[in-house]
Undergrad: 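Can you keep this structure in mind? I'll have questions shortly.
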Amino acid sequence: MARRAKAAVESAASAKTPTDSTLRKKSRSTTPTAESLAALSQDRLIALILEEVGQSAAFKKRVTAALAALQGPDRVAAMIDRRLSALEKARGYIDWQKRRAFAADLDATLATILSDLKPLDTEMALDRILRFLRSADATLERVDDSSGQVHAIYETAAEAAAGLATGLSAEAALAFVTRAIDGLERDGFGLIGALLDDLLPNLPKEALAPLDARLVEAIAALPAPAWRKADPVGTAPAGQDWERRYRRLSLNRLRQVIADARGDADAFIALELEMSPERPDRVAVAERLLTAGRAAEALDWIRREQKRGPAVTTREDLLVGGFASQGPEREREAVEIRILDALGRKDEAQALRWSRFEKSLDPQALRDYLARLPDFEDEEALERALAHVASRKDPHGGLYFLVRWPNLDRAARLVLDRREEWSGRIWEVLAPAAEALEPDHSLAASVLYRALIADILERARSPAYGHGARYLARLAELARDLAPGALTPSHADYVAQLRKAHGRKSGFWSQVEA
């Protein structure tokens with residue numbers, strides 16, 4: 001270090017003093033940009049690069065690859081192949097302490113493919129990305145990737161490959177996708193499948209039919225699952241049987257992507273019935289038929305009775321107070337409405353919009369309903385809708401709707417009319433509603449903040465004590481705007497009651513007094 005510093009001093013002393021005009025031409029910015037770095041001398045830039053090469057293994061690989069690129073694509077490809085071979089052979093576990101350096105090395109490998117090999121030979125680069133993706137399963141199984149850092153690099157590789165392959169000729173695209181299909185056997189994390197999902201719709205049309213034929217061959221080559229007649233007693237191991245069925249399903253899903261790209265609704269439907277004869281995706285089928293201009297058939301499909309599957313409850317269903325499987329049903333109804341509009345059955349479409357709003361308090365359904373009413377009828381319909389919102393048995397869904405609509409005057413009225421019914425457990429509704437009501441509706445906001453604090457303290461939710469302390473501070477500020485007696489007990493009495501009931505919760509009070 002001392003010798004390096006001495007050399008730098010001697011070099012500076014021997015250098016010519018720059019003239020004022022030279023200094024004026026130099027960039028005054030100290031932020032590294034193309035313009036500011038251009039002001040540095042070539043020798044200085046080389047020195048900085050060499051210094052970083054000595055300190056960063058990943059950067060050294062990038063510089064080495066850039067130099068190799070001067071000698072042609074074969075030299076760069078050979079460097080990449082050596083790194084990929086090492087990656088494929090590695091078996092050691094990478095814990096969180098080593099993950100960052102490993103991710104940097106992995107990222108440098110991908111950067112070499114994209115920045116150094118791709119400009120020289122796109123097809124060679126695509127082959128290396130595909131090989132890189134094939135190593136993902138083995139790599140991700142031996143690395144502590146709780147942060148998702150390593151997986152994100154592989155996702156970037158899949159996206160880059162899809163973009164590159166889009167520009168290939170039909171013949172080259174067919175060859176690349178065929179190789180990618182062969183890699184699906186080792187695609188436990190779905191990266192190659194995602195690549196194909198993105199790529200297939202953008203390929204030249206003339207490549208789609210041969211690709212579909214290739215997928216048919218790949219499916220035919222799969223062993224029959226154990227549940228088929230070929231194996232009536234189920235002699236195949238359960239794991240192998242599941243893998244066969246998953247592989248068959250993955251290949252058929254790709255065939256559906258091709259059917260969509262070709263605009264072949266019948267092929268899509270046939271594959272859907274083959275994959276799921278008892279529970280075909282009627283929404284997906286109806287959407288394809290509607291797009292194909294076959295609205296009457298689409299309506300028949302969307303209204304077909306279907307065996308109930310596992311119930312799916314979305315977060316929004318819980319917020320509006322619906323515990324049925326509303327999420328999938330909303331999707332089905334949205335498609336049915338589009339079909340009815342296409343058939344010119346406007347009254348039925350409107351009735352379904354209103355029904356959808358009544359059940360789920362979906363703001364968009366109400367907006368769509370109001371937008372299609374004749375002039376002067378929308379205000380009356382809106383009043384009827386808001387009355388329905390306020391009359392719901394559980395008020396939380398109504399409050400959630402009114403804050404999103406928004407109609408804060410109605411929201412405040414609902415809070416005060418039903419002030420004894422609010423549950424601080426539903427903080428996802430109450431906390432943002434209280435914040436929205438603060439500026440113009442201090443009393444309603446105070447009611448909600450008290451409900452939130454009550455839940456936190458009564459259940460001793462220590463992780464939420466910080467939130468509770470902030471709510472109490474907001475209550476103190478809001479109390480200044482309230483008329484005497486507007487909220488009982490008064491804020492001072494309310495705090496005294498809290499201390500009496502929860503005085504031993506020192507974790508809460510320490511944050512209040514902080």
Side-chain angles (χ1 to χ4, degrees), residues 49-50 52-54 56-92 94 101-140 142-143 149-187 189 191-196 198-200 202-204 207 211 214:
I49 291 170
L50 290 175
E52 183 64 17
V53 162
S56 170
F59 185 71
K60 181 179 181 179
K61 290 178 180 178
R62 294 288 295 112
V63 174
T64 304
L67 294 172
L70 300 175
Q71 302 176 42
D74 291 336
R75 186 66 180 272
V76 183
M79 286 182 56
I80 296 168
D81 288 343
R82 287 195 294 271
R83 175 59 188 132
L84 293 177
S85 294
L87 199 60
E88 291 161 351
K89 294 175 183 177
R91 295 294 181 269
I94 301 162
F102 177 77
D105 182 76
L106 206 63
D107 192 51
T109 300
L110 179 59
T112 299
I113 297 173
L114 296 176
S115 299
D116 300 304
L117 184 56
K118 183 193 75 173
L120 301 174
D121 193 311
T122 299
E123 291 186 32
M124 290 177 72
L126 275 170
D127 283 342
R128 270 66 188 181
I129 295 179
L130 185 56
R131 185 178 172 187
F132 181 75
L133 290 171
R134 285 175 175 170
S135 72
D137 275 26
T139 299
L140 289 168
R142 65 183 184 88
V143 63
Q149 184 180 11
V150 176
H151 191 275
I153 295 171
Y154 283 109
E155 286 183 331
T156 300
E159 292 172 5
L164 286 178
T166 300
L168 295 177
S169 65
E171 182 179 355
L174 177 60
F176 172 72
V177 175
T178 299
R179 293 193 295 275
I181 289 170
D182 293 337
L184 285 172
E185 293 182 11
R186 300 179 297 280
D187 190 38
F189 289 87
L191 293 158
I192 297 177
L195 157 64
L196 291 171
D198 290 341
L199 173 59
L200 291 177
N202 299 309
L203 290 179
L211 282 175
R214 175 67 186 88

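Predicted, not measured: the structure shown is a model, and the values here were computed from it. Heavy-atom basis, side chains included; hydrogens, waters and symmetry copies ignored.
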Undergrad: For Arg134, is there an ion pair with Asp187 - N to carboxylate O distance below 4.0 angstrom?
TA: no
Undergrad: Do the side chains of Asp182 and Arg214 get close enough for a salt bridge, i.e. N-O under 4.0 angstrom?
TA: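 Answer for the salt bridge query: yes.
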Undergrad: Would you mind reporting whether Ser169 and Glu123 have side-chain heavy atoms less than 4.5 Å apart?
TA: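 No, side chains not in contact.
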Undergrad: As an exercise, state the distance from CG of Leu140 to CZ of Phe189, rounded to the nearest 0.5 Å.
TA: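 Rounded to the nearest 0.5 Å, the CG-CZ separation comes out at 4.5 Å.
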Undergrad: Are Leu106 and Leu87 side-chain neighbours, meaning at least one heavy-atom pair lies under 4.5 Å?
TA: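 SC-SC contact between Leu106 and Leu87 confirmed.
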Undergrad: So do Leu184 and Leu196 actually touch side chain to side chain, heavy atoms under 4.5 Å?
TA: yes
Undergrad: For Thr112 and Leu117, run side-chain contact (heavy atoms from CB on, under 4.5 Å): C-alpha distance rounded to whole Å, both residues' side-chain angles, the deciding distance at 0.1 Å, then the answer.
TA: CA-CA 7 Å; Thr112 299; Leu117 184 56; 6.0 Å; no
Undergrad: Would you confirm whether Arg142, through its side chain, and Gly92, through its main-chain N or O, come within 3.5 Å as a donor-acceptor pair?
TA: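 Side chain of Arg142 to backbone of Gly92, a donor-acceptor pair under 3.5 Å: yes, one is there.
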Undergrad: Indicate the atoms forming the closest heavy-atom contact of Leu174 with Ala207, along with that distance.
TA: CD1-O, 4.3 Å
Undergrad: Under the side-chain contact (heavy atoms from CB on, under 4.5 Å) criterion, do Leu120 and Val76 qualify, and how do the steps go?
TA: CA-CA 9 Å; Leu120 301 174; Val76 183; 4.3 Å; yes
Undergrad: Might you confirm whether atom CD of Glu88 has over 12 heavy atoms from other residues, nucleotides or ligands at distances under 6.0 Å?
TA: yes
Undergrad: Run the side-chain contact (heavy atoms from CB on, under 4.5 Å) test on Leu168 and Leu203 for me, step by step, so that the C-alpha distance in whole Å, both residues' side-chain angles and the decisive distance to 0.1 Å come before the verdict.
TA: CA-CA 8 Å; Leu168 295 177; Leu203 290 179; over 6 Å; no
Undergrad: With a cut-off of 6.0 Å (strictly less than), are more than 12 heavy atoms of other residues, nucleotides or ligands near CZ of Arg179?
TA: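 For Arg179, atom CZ is crowded (more than 12 foreign heavy atoms under 6.0 Å).
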Undergrad: With side chains defined as the heavy atoms from C-beta onward, is the minimum distance between Ile113 and Leu126 less than 4.5 Å?
TA: no
Undergrad: Can you give me the closest heavy-atom contact between Ile129 and Ala161, atom names plus distance?
TA: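 Looking at all heavy atoms of both residues, the shortest contact is CG2-CB, 3.7 Å.
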Undergrad: For Asp198, is there any backbone N or O sitting under 3.5 Å from a side-chain donor or acceptor partner on Asn202?
TA: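 Side chain of Asn202 to backbone of Asp198: a pair is present.
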Undergrad: How close do Asp121 and Pro73 get, counting heavy atoms only, and between which atoms?
TA: CB-CB, 4.1 Å
Undergrad: Evaluate the side-chain proximity of Met124 to Asp74: yes if any heavy-atom separation is below 4.5 Å, no if none is.
TA: yes
Undergrad: Check Ile80 against Arg128 and note the closest heavy-atom contact, atom names and distance.
TA: CG2-CG, 3.6 Å
Undergrad: Taking all atoms of both residues into account, what is the closest heavy-atom pair of Ala180 and Ile192, and its distance?
TA: O-CG2, 3.5 Å
Undergrad: Take Phe176 and Leu199 through the side-chain contact (heavy atoms from CB on, under 4.5 Å) test and state the conclusion after the steps.
TA: CA-CA 11 Å; Phe176 172 72; Leu199 173 59; 3.9 Å; yes
Undergrad: Is there side-chain contact between Leu191 and His151, with at least one heavy-atom pair below 4.5 Å?
TA: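 The answer is yes, as the side chains (C-beta and beyond) meet within the 4.5 Å cut-off.
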Undergrad: Please examine the side chains of Met79 and Arg83, heavy atoms only from C-beta on, and report whether any two atoms are closer than 4.5 Å.
TA: no
Undergrad: Mind checking the OG1-CG spacing from Thr122 to Asp127? Nearest 0.5 Å is all I need.
TA: 11.0 Å
Undergrad: Would you say the side-chain atoms of Arg91 pair up with the backbone N or O of Lys89, donor to acceptor, closer than 3.5 Å?
TA: yes
Undergrad: Using atom types as modelled and distance alone, determine if a side-chain donor or acceptor of Ser135 lies under 3.5 Å from a backbone N or O of Phe132.
TA: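 Side chain of Ser135 to backbone of Phe132, a donor-acceptor pair under 3.5 Å: yes, one is there.
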